[in-house]
Every structure is written in C-alpha cells, then in structure tokens.
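Below, read A as the first sequence line, B as the second, and so on, with proteins coming before strands; counting in each chain starts at 1. These values consider heavy atoms only, across backbone and side chains, with no hydrogens, waters or symmetry-generated copies. Please read all numbers here as calculations on a predicted model, not as lab measurements.
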Amino acid sequence: MSHEMSNKEIADLLRRVAAALEVKGKNSFKIAAYEKAASTIEQTDVEIKSLWQENRLQEISGIGINIAKHLNELFEKGEVNYFEKIFQDLPQGMFELLNISGIGPKTAYKLCLKLKIENPKNAIDQLEEAAKKGKIKKIEGFGEQSEKDILEGIKQYKNRDERMLLPFAWELSQKIINYLEKDEKNLRIDPLGSLRRMSSTIGDIDLAVATDKPQEIIKKFIKFPEIKEIIVAGKNTARIIHQNGRQIDLKTMKPEAYGALLQHFTGSKQHNIHLREVAIKKGLSLSEYGIKRQGKLENFHFEKEFYKALGMEWIPPELREDKGEIEAAQKNKLPKLIELKDIRGDLHIHSDFPIESSHDLGADSIEILAKKAQDLGYEYLGLSEHNPSFSQHSSQQILDILKRKREKIDKLNYSRTRKLSFSIINSLEIDIKPDGNLAIPEKGFDFLDLAIASIHSSFKMNQKEMTKRVLHGLVHPKVKIFGHPTGRKLGEREPYNLNWEQIFSFCLKNNKWLEINAFPNRLDLPDSLVYKAVKAGVKMIIDTDSHTVDQLNLMIYGISVARRGWATKNDIINTMSYNQIAKLLNLKGLPLSKMKGGE
DNA sequence: GCCGTTTTCGGCCCGACTGTTTTCAGTCG
C-alpha cells in the first residue's frame, strides 16, 4: 500500500513523473521542479508520510501547493490520478531503462517503442538481447556506436557496486594523493564531489591536481601500483579502474585557474545552482573555468577568491548542500565548525572485559585501549561494553559482573603507575527493551558512572510506540547518551521510526545527549538530523563505538558528520575537559588539575 | 511546478561531450 511508501519510493515516483513529462515535451522548469522535489524528499530524514499527517508537506523546500496536493492524494487513495494519466500512454519498461547510464527519458521511450519493450521486469534483458542481435543500430537516430554504448551501460549496470562507505573511499583517495605527492613539492591535490564534502557514502572517486605539467602528473597517475585498468589517459584528465573495481578520475588544471575547477567539481549540484543564481543577479556567470564578467573570463587560484568575488566568505565543503550556507556566507555568519583537535575523549568503547553479553565483545584490553586514547591526546575514555545478557543471568549474576568491572576500573584509575592526566570512565551500553525498560537491574546503576541506552532489537515498531520506548529508556538519571539514535546501517538497514521533535525536546529538557556514532556503516545520527539537533539546541557526543584499538581512529568520520550538520565545538559534549564532564556526571574522585600536581 | 530583502508574475545554472547529424538533441555532472 502507498501508506507504507518510503521516502525513497516517493522520490522514485516523482522522478518517473519528471521523466514522463520530459518525453511529452513539457515545460523544462516543471520537469526540474519534480526532480528537485524528488531529491529533497530523498534526503529528508523525517518520513514524508508523517509530515503529511501533520499537514506540513509544504515546509519542505521544493514542495509547493501542487505537488503537496498530489502527495495528499497518494496517501489518501494510494495513487494519483494526474500521475496515472501521464503514465497511461507510456511503456512502463522505459523507467527501468533509465537506470542505464547514457539513456535518458527520450531515448528510453524511443527504444521501448521501437523494440516493443513493455514489461519493466525484463526491460533491460530485452534491451540487451536487441542490442546483441544488432537491432538497435538500425533504429533511426542510433548507430553502431550507440549500440555498443548501450551494451557497455548494461554491463556496468549489472556489475554495479553499492556506494562506498566514506572511510573506505577517503583512505583510498589519501593513498593516491600520497603517491602523487611523493617527490613533488607543494602540489595541490584535492578529492572532489561527495568525497570532499564528506558524505556518508561515495560513488566514484574524483581527484583534482593544480599543475602546469598535466602530462607528467597523468603519466604518474596511470602508473599507480594498484591499477587494474587504464580507461583513458588524455591531455588533462585520466580515468583508471582500481583493483577493487572502483573507477577513479583525475582532472588537472593550471594553478591560476584551479580555484574555480575545485569549486565546480566539489558541488553539490544544488549548492552550485544556487551560487549561479546569486552570480546572475550580479551580472556574472560561473563555470569550472572561472567567472565571466561582461563576457570576460576571470581566473582564480583559490576557492577563497572565487567565493569572495561572489560577495561571500569561503564555505567549508561539508556545508555545500544548499541548506542556508550561501545566505550565511553572504552575511559572514557561517558557524565555526568543530574540528578533530577539539575532541578530548571517547565515551563509547568496547573492551574485551568478560562482560558476558549476548552482543559482541571488543577485541582489546582496557589497558591497550587506555594507552591508545592517551596517544591520541585524550583526557578520558569511557568503557561501555554491552550489558550482560538478561536471559542468561540472574539479577545477582549481572550485579556481580558489573561490580567486577567497577573494581577493575577503579584499580586502574587509582594505580600509582597510571598517567595522572587521564581517567577511565565506567560506562555501559544498555539495551532498551521493547517495553522501554533497560536491561540491567536498578541496583546495577550504582556501579556505573554513566550509561548509554541503545536499541538492538524489535526495529519495526510504529513511530508512536518506538518514540515512547526510547523516551522511557532515557529516563534514568545515569543514562546520559542515546546511542546510534536512528539505528540505520548504511546499505543494510533503514532507520527505525521516531518522532524527532519529541526526542529533541526531551533531550533538551532532561539534559540527555544524542550520540554521533562514527562507526563507518552507522554514521548515526545522520548529518541531516545533526543539523536539526543543532538548531534545536540539543547537545551531542561523538563516539567511535570501537571494538578494536585501531577503531579509535574513526573519530574523524564522526567529526565530518558533525560538521555536515553545522555543529560547533559547543554543540559537542566530548570537547569538554575531564573536569567539566566529571561535574556533569557527578563523579566522585579527584579532579585532574589536583592530580596533575603530582606529576 | 516553485518561489520571492529586486518580483504573487515572470523568471528559473552551465558547459562539455557524444553520436548522428549537416546544425543539433540528449545526457551528464
């Protein structure tokens, strides 16, 4: 039923409408309007259906009176009369063909018509068969080459990979950058696109280099040791396939014009569109080559000058999503975003302490983890293993385990050999059971400095029940953190359904913190909810959820999520010193400054 | 179809690439 339609499915429907309108040669701005509505809906983290229930559809930018009316009909009746009419005389198979790179609406329509492709289920297979039989090149407007391109496109589609997780793409790009930088001094190399903007998932890796000798750089690039295949090595650009199957593009530009190139290919698309609208009003025209003023092209060494020429301060790439950053930059009011160096501790870490949980244990000892945290310059580390399993233990057994962990941590904290500028905080990640109760006995809290409450089961409750469950789970005064709050796993599991306004106002009122979990397939809160939490004044904490010692390095990806959500140092709890945190948690024991006196 | 510290009407981003064409339409980022 349409009432169960996800945002993604609604976005797909609107894209099909846009494609259909294009085939019919309708006004291109109307088509663009449907596409814009589709992409905003796709990026919205609140369910469109619940916004509709609250009569708030038009609060979404790109949804006006008409599309709101159509969506209303969709939710009420399961279909939209106007859409059905548009689709009526079109072959349904054409929408499948749009997945093939190089095939747009008009091509898809023509192919379906000429090849009598109707059924979406086997549309691509039918197309492939026709291409193999040489039927496509005979169609007017197609030729030998386009038939070959279609076969290649189908092959790519069938082999397509899911998008890469940010950390994976980031590390690969850094490896190539390090390789290219070797023996070259002062070379400017940057990732482009969603990678430079630090989106949670990345399609292809694109890099740019500022150079007067593009040939030398490209020659070196195509000798990168991990190359599987060189697709093209031209005068100024090159494309290779990495041994892992990923495509990597390199663009070069002379240094004096590099600023515009970098800006252009960093995007996002919506950011650039908005920027060009600003430019037009100033009588300017933007492109990857620079800014045209009365037909004359100006070059830019650096992005900073480029933005300045448009009357605004430089905008950090993470903010370039057209969420108000351009207006803020015009007024010189961009937030001072949090940085990695602001972080003073990590409060969600799993050690190998035998906690006897039904969930996974960490791989490394408390001592090793504490050493690593100190190497990172942290003042504190919060050990928060999963709670001992509820069904396998009696209450007394759970209390005994928690007591043993408390004693171990106390011993480490008060041992004479420990560095005095560092503290271990005794935490626990506790399941919020489906009824909203927490999975340890009340007395167990006496052993804890604080607790993280998280959902690890029954993900499919409706919004009202799930929200009630979470709010109940956060009530206990020792529970300060709501762990990986949406429960999403990128490419694997959708977020569960929560009423975020209620969660935000509860957290604000009761001084609870939302976690930004930096684990690669979580990155949860997602950036869009961080943005809303910041606006609502809710505090957050960036944790790595490490299960091995190396994973403490993942903090940078949590930072990137926070930055994409406009978070400053003040929005993030673990930028505080140990003494400030200890005060918030009512921890007994010596403050660090006094202990430091002994050093 | 959307949107508004230039507008409730009249605008709406830009350029490259490609293949099939004799001047351009479609697609992409």
Side-chain angles (χ1 to χ4, degrees), chain A residues 14-15 17-41 57-71 80 82-83 86 94 97-111 136-150 152-153 156 192-197 203-204 206 208 232 234-237 239 247 249 251 260-261 263-292 297 310-311 320 322 326-327 330-331:
Chain A
L14 296 180
R15 287 213 177 87
V17 174
L21 292 171
E22 182 135 19
V23 171
K24 300 186 173 196
K26 299 287 183 193
N27 179 300
S28 62
F29 299 110
K30 179 169 174 173
I31 296 165
Y34 272 95
E35 276 168 355
K36 184 176 182 211
S39 59
T40 351
I41 287 176
L57 278 180
Q58 285 189 64
E59 285 177 23
I60 293 189
S61 132
I63 296 188
I65 188 158
N66 284 294
I67 294 184
K69 230 190 288 175
H70 293 322
L71 291 180
V80 183
Y82 172 68
F83 293 174
I86 297 177
M94 67 165 273
L97 302 191
L98 296 176
N99 289 312
I100 309 296
S101 161
I103 297 184
K106 293 187 176 175
T107 311
Y109 175 68
K110 199 168 167 188
L111 286 169
I136 290 177
K137 62 182 173 213
K138 290 183 189 147
I139 303 172
E140 197 193 338
F142 293 83
E144 194 86 36
Q145 187 61 42
S146 32
E147 189 168 86
K148 245 167 67 188
D149 289 348
I150 285 173
E152 182 57 35
Q156 261 184 40
L192 299 169
S194 55
L195 184 54
R196 182 154 183 255
R197 301 197 312 278
D204 292 318
D206 296 320
V232 53
K235 262 169 97 176
N236 296 301
T237 64
R239 168 171 296 171
Q247 178 176 305
D249 281 11
K251 300 176 201 298
L261 178 95
Q263 195 289 321
H264 180 86
F265 287 107
T266 296
S268 65
K269 186 175 176 181
Q270 291 304 328
H271 175 85
N272 283 358
I273 287 174
H274 190 165
L275 216 53
R276 290 191 191 112
E277 284 167 3
V278 171
I280 286 172
K281 285 172 189 160
K282 292 178 181 287
L284 307 173
S285 162
L286 309 183
S287 77
E288 66 199 82
Y289 302 101
I291 299 181
K292 247 186 226 161
L297 185 71
L310 297 173
R320 299 182 196 172
D322 195 21
I326 290 175
E327 291 85 347
Q330 285 172 320
K331 294 179 203 147

Of all the nucleotides listed ([options]), which has the minimum atom distance to the side chain of [X]?
X: A:Lys106; options: B:dT27, B:dA16, B:dG1; value: B:dT27
X: A:Tyr289; options: B:dC28, B:dT20, B:dA16; value: B:dA16
X: A:Glu140; options: B:dT21, B:dA16, B:dC28; value: B:dT21
X: A:His70; options: B:dA16, B:dG19, B:dG1; value: B:dG1

Please list each protein N or O that sits under 3.5 Å from an N or O in nucleotides 10-14 of chain B, with the distance.
unit_1 : atom_1 : unit_2   : atom_2 : d
B:dC13 : OP2    : A:Glu277 : OE2    : 2.7
B:dC13 : O2     : A:Arg276 : NH1    : 2.1

If we take the [atom1] atom in both [N] and [M], what is their distance in whole Å?
N: B:dT18; M: B:dT23; atom1: C1'; result: 15 Å
N: B:dT21; M: B:dG26; atom1: P; result: 13 Å
N: B:dT8; M: B:dC3; atom1: C1'; result: 9 Å
N: B:dG10; M: B:dC17; atom1: C1'; result: 32 Å
N: B:dT20; M: B:dT27; atom1: P; result: 14 Å
N: B:dT6; M: B:dG15; atom1: P; result: 24 Å
N: B:dC12; M: B:dT7; atom1: P; result: 16 Å
N: B:dG11; M: B:dA16; atom1: C1'; result: 26 Å

With a 4.0 Å limit, can you tell me whether [X] has a side-chain N or O closer than that to the phosphate oxygens OP1/OP2 of [N]?
X: A:Ser61; N: B:dC2; value: no
X: A:Ser146; N: B:dT18; value: no
X: A:Tyr82; N: B:dG1; value: yes

Test A:Lys148 against A:Lys137 for side-chain contact (heavy atoms from CB on, under 4.5 Å), laying out the working first. CA-CA 9 Å; A:Lys148 245 167 67 188; A:Lys137 62 182 173 213; over 6 Å; no
Relative to the ring of A:His70, is the ring of A:Tyr34 parallel (under 30°), tilted (30 to 60°) or perpendicular (over 60°)?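 Rings of A:Tyr34 and A:His70: parallel, under 30°.
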If I take atom [atom1] in residue [X] and atom [atom2] in nucleotide [N], what distance separates them, rounded to the nearest angstrom?
X: A:Phe142; N: B:dT20; atom1: CZ; atom2: C1'; result: 11 Å
X: A:Asp249; N: B:dC28; atom1: CG; atom2: P; result: 15 Å
X: A:Leu57; N: B:dG1; atom1: CG; atom2: P; result: 16 Å
X: A:Asp149; N: B:dC17; atom1: CG; atom2: P; result: 16 Å
X: A:Lys26; N: B:dG26; atom1: NZ; atom2: C1'; result: 20 Å
X: A:Ile65; N: B:dG4; atom1: CD1; atom2: C1'; result: 16 Å
X: A:Glu152; N: B:dG19; atom1: CD; atom2: P; result: 13 Å
X: A:Ile136; N: B:dG26; atom1: CD1; atom2: P; result: 18 Å

Would A:Asp249 and A:Leu192 count as a side-chain contact (heavy atoms from CB on, under 4.5 Å) here? Give the steps. CA-CA 10 Å; A:Asp249 281 11; A:Leu192 299 169; over 6 Å; no
Atom pair [atom1]/[atom2] of [X] and [Y] - distance to nearest 0.5 Å:
X: A:Ile326; Y: A:Asn272; atom1: CD1; atom2: CG; result: 8.0 Å
X: A:Glu22; Y: A:Lys30; atom1: CD; atom2: NZ; result: 13.5 Å
X: A:Asp206; Y: A:Arg196; atom1: CG; atom2: CZ; result: 12.5 Å

Select from A:Gly62 and A:Thr107 the residue whose nearest nucleotide in DNA chain B is closer to the 5' end of that strand. A:Gly62
5' priority, DNA chain B, between A:Asn66 and A:Glu22 [closest heavy atom]: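 It is A:Asn66, whose closest nucleotide lies nearer the 5' terminus.
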Identify the heavy atoms of A:Val278 and A:Gln330 that sit nearest to each other, and give their distance. CG1-NE2, 3.7 Å
Taking all heavy atoms of A:Leu310 and all of A:Ala279, pick out the closest pair and write down the distance. CD2-CB, 3.9 Å
Mind checking [X] for me? I need base, sugar-phosphate or nothing, with any heavy atom below 4.0 Å counting as a touch.
X: A:Ile63; value: sugar-phosphate
X: A:Ser101; value: sugar-phosphate
X: A:Lys36; value: nothing

A:Lys110, NZ atom: more than 12 neighbouring heavy atoms under 6.0 Å: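 Yes - once you tally the heavy atoms of other residues, nucleotides and ligands closer than 6.0 Å, there are more than 12.
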Just name whichever nucleotide pairs with B:dG10, Watson-Crick or G-U, keeping both distances under 3.5 Å, else none.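 Looking at the geometry, B:dG10 pairs with B:dC3.
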